[in-house]
Amino acid sequence: MSTAEVDGGQVGPTWRERLTKASPVLVLVPSLAASFIYIFVFTIWTLYISLSNSSLLPSYDFVGLSNYVSLWSNRRWNIAYSNLFLFSAFYIVGAMAIGLLLAILIDQRVRGEAMWRTIFLYPLAVSFIVTGTVWSWLYNPVDGIQMLVRGLGWTDFNFALASDRNTAIYAIIITGIWQSSGFAMALFLAGLRSVDPDLVKAAQIDGASTFRTYRKVILPVIAPIFLAVAVIQIQFAIKTFDLVAALTRGGPGISTTFPAIYVYDLMFQRGQIGEGAAAAMMMLAALAVVLVPYSFYVVWRRRKENRHD
Amino acid sequence: MSSLTIRNLRKSFGSVEVLKGIDIEAKAGEFIALVGPSGCGKSTLLAMIAGLESVSEGEIRIGDRLVNSVAPKDRDIAMVFQSYALYPTMTVRENITFGMESRGVPRPQRDEAVKRVAALLQIEPLLGRKPGQLSGGQRQRVAMGRALVRDPKLFLFDEPLSNLDAKLRVDMRSEIKKLHHRVGKTTIYVTHDQVEAMTLASRIAVMHQGQVQQFDEPQAVYDRPANMFVAGFMGSPAMNFIQTEVGTDTDGRPAVSFKAAGGGTATLALHNGIAGQISTRNVILGIRPEHIFRYSPELKAAKPSIAKVEAPVEMVEPTGAETIGFMRFGDLEVVGRFDPDEAPRMGETITLGVDMSHACLFDPITKNLI
Ligand SMILES: Nc1ncnc2c1ncn2[C@@H]1O[C@H](COP(=O)(O)OP(=O)(O)OP(=O)(O)O)[C@@H](O)[C@H]1O
Ligand SMILES: [Mg+2]
């Protein structure tokens with residue numbers, strides 16, 4: 001009541017002031033609307049399709065969970081899903097371990113640091129398609145590394161990871177690690193550089209060895225970076241499509257099928273949109289299992305920090 | 001407890017020489033303050049004593065042992081950093097025991113040591129907290145605790161109080177003094193606060209541009225500064241410097257004279273003895289603000305070394321306990337500290353009594369004390 005009276009008695013803001021105030025909103029609205037449509041509307045639509053009997057074209061006849069049932073009774077899907085977990089685990093742990101090792105080595109004030117950083121970061125600049133194609137040549141028994149080493153004289157040298165159905169998944173893991181350990185290194189190195197150098201000096205005076213200084217003092221300080229790197233890589237892993245498509249095309253046989261490849265197959269090759277949508281929802285579930293707890297953790301930490309300041 | 005000897009110590013970063021031949025010697029149990037303006041190389045010197053920076057030239061001995069190339073952990077020193085450098089992911093207790101753990105001290109002994117130090121510094125209630133949950137003063141105590149928990153030969157402090165507010169600083173200062181009395185360890189204490197240096201140290205090393213300008217007891221540094229840099233750096237408000245000509249006064253005694261405010265010449269008779277050492281025609285007269293008084297016959301009777309001079313008062317700043325007066329001497333402004341009862345008034349031409357027995361004379365070329 002009273003504010004209305006006060007406002008009424010005064011001249012309101014000019015149109016110019018109003019425009020200034022509104023402009024951030026005006027600028028943001030289109031992209032917010034687009035993200036909203038892409039994320040929520042299409043997600044809900046996909047969810048609906050996954051519960052329908054769509055085949056070549058979307059249809060809206062509700063059939064319950066039958067798409068999910070048939071999905072999970074398919075051996076190829078089961079292989080794809082377990083490949084995903086195998087790949088994620090090795091890829092994330094491997095890339096982080098190698099990235100951390102590289103970062104620590106570079107952090108020892110090596111000569112030509114900028115050069116090493118660029119070399120290790122370079123794979124990230126190359127797309128997964130190119131990486132996959134190049135590595136498929138390297139793995140090729142006829143004209144890849146095996147051929148090269150045999151040509152040097154070791155005639156019984158064997159290196160055909162990608163063409164054996166039992167080891168092909170490891171070929172993909174190695175390639176993935178090669179591609180992204182530089183990225184992990186860059187983040188870890190930035191973290192190491194942000195650590196107060198006095199902490200290291202204090203540890204030196206305290207008589208801690210270099211190993212102990214890293215383990216007890218430096219790495220705990222950059223712990224949040226581990227989590228961030230892991231989360232970014234998990235979502236890389238779950239979306240893995242182009243790397244596999246270029247490297248093995250899911251083969252030999254079905255040994256390196258991944259969920260994303262399977263979804264693509266169902267939807268665009270075999271005309272089973274309903275079941276493809278169900279598979280896509282399962283991928284979303286895998287992502288959510290990781291990202292939802294992470295975002296809760298981030299919020300919780302921010303609250304905790306605010307409470308102390 | 002052990003002594004520390006530094007001889008002709010030099011340090012260069014690339015082509016820049018930061019320390020240019022430092023000589024300092026601390027006797028066992030002494031409290032040495034290193035003071036000097038920002039960038040004069042105090043932290044670098046401390047880091048070299050700790051072994052965190054390499055020695056370019058010269059030698060450092062702890063006790064009789066040459067430690068130039070000994071690793072920090074084997075020098076048996078403890079250090080408090082300016083930033084405190086507490087390990088942020090460890091609790092206060094873990095911070096304090098980290099060094100003992102690294103050295104393989106068994107657990108019961110560690111617990112015993114933590115208990116002793118926590119009681120000494122009154123940080124028992126904080127032992128379970130992380131450094132992020134402590135106030136500045138508490139962090140400072142913990143940093144001290146981390147140093148005190150060991151029984152080192154040498155304590156090194158790098159401006160441990162500079163991050164604290166004024167009141168806490170005074171409190172912590174007296175605590176450090178008491179602590180040193182109790183533990184009696186040889187201590188090197190870096191500060192750029194000259195009051196801290198005066199109150200804490202048994203001897204002060206004043207540094208400037210990578211060199212020790214003077215290394216002496218606090219009162220000696222204050223009363224007989226080796227050169228104009230030291231004279232200007234120690235003391236606040238700073239010493240007044242007046243360009244003067246050497247001559248005699250009307251009674252024929254040796255004196256210095258300078259242009260007074262009105263255009264005439266003011267003459268101050270020199271204290272006995274000093275005149276014989278002057279070899280130049282001009283000298284720079286240095287007078288501390290507290291040696292300038294309002295002139296009265298009683299003052300002259302009590303202190304025969306008082307010389308009389310007149311000066312207009314340009315400004316006064318009462319601070320409560322004393323009043324700072326700014327007077328004009330020719331082209332310069334001279335600062336005096338007065339008792340509020342006899343404070344100068346703005347605009348007045350005051351007759352000042354200058355206590356010449358405390359005056360310092362400097363060579364105008366070398367800037368050194370005569
Ligand atoms: N690692 C380094 N490389 C090059 N120059 C350095 C390095 N460390 C210090 N210096 C230089 O050495 C000089 C002395 O530095 P130092 O930190 O010892 O000063 P300080 O007396 O402790 O100053 P403050 O009172 O500001 O702490 C400075 O001019 C600084 O720029
Ligand atoms: Mg410093």
Side-chain angles (χ1 to χ4, degrees), chain A residues 96 100 103-104 107-114 187-230 294 297-309, chain B residues 43-44 46-53 70-91 94-105 110 129-135 139 142-143 145-147 149-150 152-160 163:
Chain A
M96 280 174 70
L100 183 62
I104 289 178
D107 194 38
Q108 310 304 312
R109 311 272 155 200
V110 290
R111 216 172 275 204
E113 183 194 314
L187 288 194
F188 284 131
L189 188 60
L192 292 177
R193 286 292 152 81
S194 70
V195 172
D196 178 3
D198 279 355
L199 287 182
V200 181
K201 293 183 187 169
Q204 253 177 299
I205 289 178
D206 267 342
S209 61
T210 308
F211 178 72
R212 185 171 153 83
T213 306
Y214 271 104
R215 196 168 65 91
K216 290 284 197 171
V217 179
I218 300 178
L219 297 186
V221 172
I222 62 168
I225 293 183
F226 280 81
L227 201 59
V229 172
Y294 176 68
Y297 166 78
V298 168
V299 170
W300 172 77
R301 226 177 45 142
R302 196 168 304 150
R303 285 240 184 91
K304 204 176 93 173
E305 267 163 24
N306 287 346
R307 222 177 305 138
H308 288 308
D309 292 343
Chain B
S43 298
T44 307
L46 209 64
M48 286 170 84
I49 297 172
L52 300 169
E53 290 281 1
V70 174
K73 66 180 165 68
D74 301 323
R75 292 193 183 197
D76 205 2
I77 44 158
M79 182 157 174
V80 178
F81 290 83
Q82 178 166 3
S83 60
Y84 305 145
L86 299 177
Y87 309 124
T89 54
M90 300 184 201
T91 62
E94 288 162 342
N95 262 284
I96 293 176
T97 55
F98 183 75
M100 287 189 288
E101 238 177 289
S102 305
R103 292 184 158 79
V105 176
R110 295 202 305 253
R129 292 206 210 162
K130 297 260 174 83
Q133 302 165 314
L134 302 177
S135 73
R139 271 180 227 181
V142 175
R146 196 169 60 177
V149 75
R150 296 195 18 235
K153 292 205 174 87
L154 208 59
F155 272 125
L156 305 175
F157 291 86
D158 193 353
E159 310 197 30
N163 293 330

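Labels below follow one simple rule: chain letters A, B, ... track the order of the sequence lines, proteins then strands, and each chain is numbered from 1. Since this is a predicted model, take the numbers as computed values, not measurements.
Taking A/Phe188 as the reference, A/Phe226 meet the ring-ring contact (aromatic ring centres under 6.0 Å, His included) condition, with sequence neighbours excluded.
In terms of heavy-atom proximity, B/Val149 sits nearest to B/Met100 at CG2-CE, 3.7 Å. Heavy-atom minimum distance, B/Ala50 versus B/Arg75: O-CD, 3.7 Å. In plain terms, the two heavy atoms of B/Phe155 and B/Ala147 that are nearest each other are CE2-O, 3.5 Å. Scanning both residues, B/Pro88 and B/Lys130, for their nearest heavy atoms gives O-CD, 3.7 Å.
Residue A/Ala223 does not touch chain B at all, counting heavy-atom pairs closer than 4.5 Å. Proximity to chain A is limited to the side chain of B/Phe81, based on heavy atoms less than 4.5 angstrom apart. Residue B/Glu94: no heavy atom, backbone or side chain, is found under 4.5 Å from chain A. For B/Arg146, the part lying near chain A is the side chain, with the backbone staying farther off; criterion is any non-hydrogen pair under 4.5 Å. Heavy-atom distances place the side chain of B/Met90, and not its backbone, under 4.5 Å from chain A.
Counting heavy atoms from C-beta outward, A/Val229 and A/Leu100 have side chains that stay 4.5 Å or more apart.
Sorted by first and then second residue, the side-chain hydrogen bond (donor to acceptor under 3.5 Å, both in side chains) pairs with a member in residues 203-212 of chain A read A/Asp206-B/Tyr87, A/Arg212-B/Ser102; sequence neighbours excluded. Residue pairs meeting the side-chain hydrogen bond (donor to acceptor under 3.5 Å, both in side chains) criterion with at least one partner in residues 214-223 of chain A, sequence neighbours excluded, are A/Asp107-A/Tyr214, A/Gln108-A/Tyr214.
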- Report the C-alpha distance between A/Tyr294 and A/Leu227 in whole Å, list the side-chain angles of each, state the deciding distance to 0.1 Å, and finish with yes or no for side chain to side chain contact (heavy atoms under 4.5 Å, CB included). CA-CA 8 Å; A/Tyr294 176 68; A/Leu227 201 59; 3.6 Å; yes

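Interface remark: of the candidates B/Arg150, B/Gln82, B/Lys73, B/Lys73 forms the most heavy-atom pairs closer than 4.5 Å to chain A.
Heavy-atom proximity under 4.5 angstrom to chain B picks out A/Asp196, A/Asp198, A/Leu199 from residues 189-200 of chain A.
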